[in-house]
Amino acid sequence: MNTNEFARTLLLGIKNLLSWIGIPRHLLDKLDEILFLVCIVTIAFVVAAVVHLLLVRAARKILKRKHLDFFDSLFRYSVFRKSTALIPPLIVSALLPFATDSAWFTVSERVTWIYFFIVLMISVNAILNTVGDTLKNDGQLKNRPIKGFIQIFQVIFSCVVVIVVVSILIDKSPVNLITGLGAFTAVLMLVFKDPILGLVAGVMISENDMLRIGDWIEMPQNGINGTVTDISLTVIKVQNFDNTIVTVPPYSLVSGSFVNWRGMSDSGGRRIMREYALKLDCIKPCTPEFLERMKAFDEELAQFIAEKQRQAAEGKVANTENPDGLVNGTIETNLGLLRAYMALYLRRHPFVSRDLLLMVRTLPATENGLPVQIYCFSSDKNWPSYESIQAEIMEHFVAVLPAFELYAFQRTGARDVLLNGIAASGKADLATMETAPLHTDPSEKQGT
């Protein structure tokens, strides 16, 4: 039985039922139309409910056999219920013309189509959300601003539906309505300013791969220093390291400047660049006795000193890019020897990258002394681990300074003045002092 036969049979059955009950003839034509409309609406919603039940059962059976994120998203956004809601207006619109051509049913037809397009918009938005969640879990697309693009499609489709609904209400062609919107362009630009700017910024961010979910970004002018948690059409959410949430519009990232630490995360290490300022009057030439004593300090340093002495005896002095592969450093001064030792120490450190730049260098002298800087990369980029590795290196650096007869600059405090005065008076045993000036050798005798 096709649609025409079903509608005629239903309408005829309603008329026979009303005649059998004894409804007067002048009321029969009105009541049969109303009952026909009630029947087709009821039938439409029953069919939709049955289709919804069958789809849900089929999806649950598939989920029992194999877990799929796509089906989880379908249930999360109620896609089956929203999609099957499209069935009633389609059935009603197909059967409604067989009732009558009266103005009352013309209004019903308009209401039916308006209901259809509104439900279509809701179901399409649910499907787009499902597709967005599925694409975010994809290995190649999970770092892309998928949510922003999904929202762009949703806004465009929603605008089209609104235009169609308005055209149905005023009984005009959507094309004529769109043509008439040209006069309201300025108003629309003002109302949809943020979505339009967000759309342009989202395209630029995606096209240039400027930002991904999970990136660590820093934007001091907006109080941002944390991880990107969400990218949408109109807002980007960043969770700072103090667990505060900062939201900024996408176009502020495009129009301004920000630091993205993704390059560090994707590289082989995280940079360590710290220095101590050493006292200039402690830097001095190395004596043979000092070199012999330093050979006992470290095995690798002893090999370095011996090899440099052998090269010097042969008339080969190469403190930089040594032909025998020795680290940059000298045996002429205690600071040059310290640079060589720290380079050796960094090379054998288990968490310092050997594939990235590694050096120990001096910076321009200041009023506080000569800064000696450690420049290397930690192979562990996790923040707590990185800080631990950096602290370990710098603690070792300052701890070995006295062995090389070098001392870091430190501003004089009241305690230092007092201890220096006691030491200068010659009335105290330096070996018993809790803090002797300039790391004085306790073996030295009191007073001079």
Within the side chain of [X], is there an N or O that forms a donor-acceptor pair under 3.5 Å with the backbone of [Y]?
X    : Y    : value
N334 : C282 : yes
S388 : P384 : no
K308 : A318 : yes
D215 : V228 : no
R354 : R347 : yes
T84  : R81  : yes

Nearest non-hydrogen partners of [X] and [Y], listed with the distance:
X    : Y    : value
I127 : S83  : CD1-OG, 4.3 Å
V246 : G223 : CG2-O, 3.8 Å
V327 : A340 : CG2-O, 3.7 Å
N240 : G226 : OD1-N, 3.7 Å
F157 : M121 : CE2-CA, 3.6 Å
E321 : N328 : N-OD1, 3.1 Å

Going from [atom1] on [X] to [atom2] on [Y], what distance comes out if it is rounded to the nearest 0.5 angstrom?
X    : Y    : atom1 : atom2 : answer
C286 : L291 : SG    : CG    : 5.0 Å
Q373 : E275 : CD    : CD    : 5.0 Å
Y341 : F397 : OH    : CZ    : 11.0 Å
S378 : R271 : OG    : CZ    : 13.0 Å
M219 : N260 : CE    : CG    : 12.0 Å
I224 : I245 : CD1   : CD1   : 11.0 Å

[X] vs [Y] side-chain heavy atoms within contact, under 4.5 Å:
X    : Y    : value
R60  : R57  : no
N222 : V238 : no
V56  : F75  : yes
F351 : E392 : no
F377 : L358 : no
L211 : P250 : no
L406 : V372 : no
S158 : N125 : yes

If you count every heavy atom of other residues, nucleotides or ligands that lies below 6.0 Å from E218 atom CD, does the total exceed 12?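 Correct, the count exceeds 12.
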Answer yes or no: does atom CD of E314 have more than 12 heavy-atom neighbours from other residues, nucleotides or ligands under 6.0 Å?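 Count over threshold, so yes.
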Working for side-chain contact (heavy atoms from CB on, under 4.5 Å), residues S379 and I389: CA-CA 10 Å; S379 57; I389 295 166; 5.8 Å; no
Does the side-chain contact (heavy atoms from CB on, under 4.5 Å) test come out yes or no for F116 and L86, once each step is laid out? CA-CA 6 Å; F116 169 78; L86 293 170; 3.9 Å; yes
Once you measure the plane-to-plane angle for Y345 and H396, does it fall in the parallel (<30°), tilted (30-60°) or perpendicular (>60°) bin?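 Parallel, since the angle between the ring planes stays under 30°.
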Once you measure the plane-to-plane angle for W113 and F117, does it fall in the parallel (<30°), tilted (30-60°) or perpendicular (>60°) bin?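 It falls in the tilted class, 30° to 60°.
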Classify the side-chain pair [X]/[Y] by whether it contains a donor and acceptor separated by less than 3.5 Å.
X    : Y    : answer
N322 : E307 : no
N225 : W216 : yes
T244 : D242 : yes

May I ask you to say whether R293 pairs ionically with E289, meaning some side-chain N is under 4.0 Å from a carboxylate O?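 E289 and R293: not salt-bridged.
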Verify the ring-centre separation between Y276 and F409: is it less than 6.0 angstrom?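 Aromatic pair excluded; centres sit 6.0 Å or further apart.
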Working for side-chain contact (heavy atoms from CB on, under 4.5 Å), residues V352 and I393: CA-CA 10 Å; V352 172; I393 292 172; 3.8 Å; yes
Partners passing side chain to side chain contact (heavy atoms under 4.5 Å, CB included) against T229 (at least two apart in sequence or in another chain):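 T229 satisfies side chain to side chain contact (heavy atoms under 4.5 Å, CB included) with K237, Q239 only.
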Run the side-chain donor-acceptor check on residues 296-305: report pairs under 3.5 Å with partners two or more places apart or on a different chain.
from, atom 1, to, atom 2, distance (Å)
D298, OD1, R348, NH2, 2.9
D298, OD2, E300, N, 3.1
D298, OD2, L301, N, 2.9
E300, OE1, R348, NH1, 2.4

Residue pair E405, F290: steps toward the side-chain contact (heavy atoms from CB on, under 4.5 Å) verdict: CA-CA 10 Å; E405 299 182 2; F290 178 78; 4.0 Å; yes
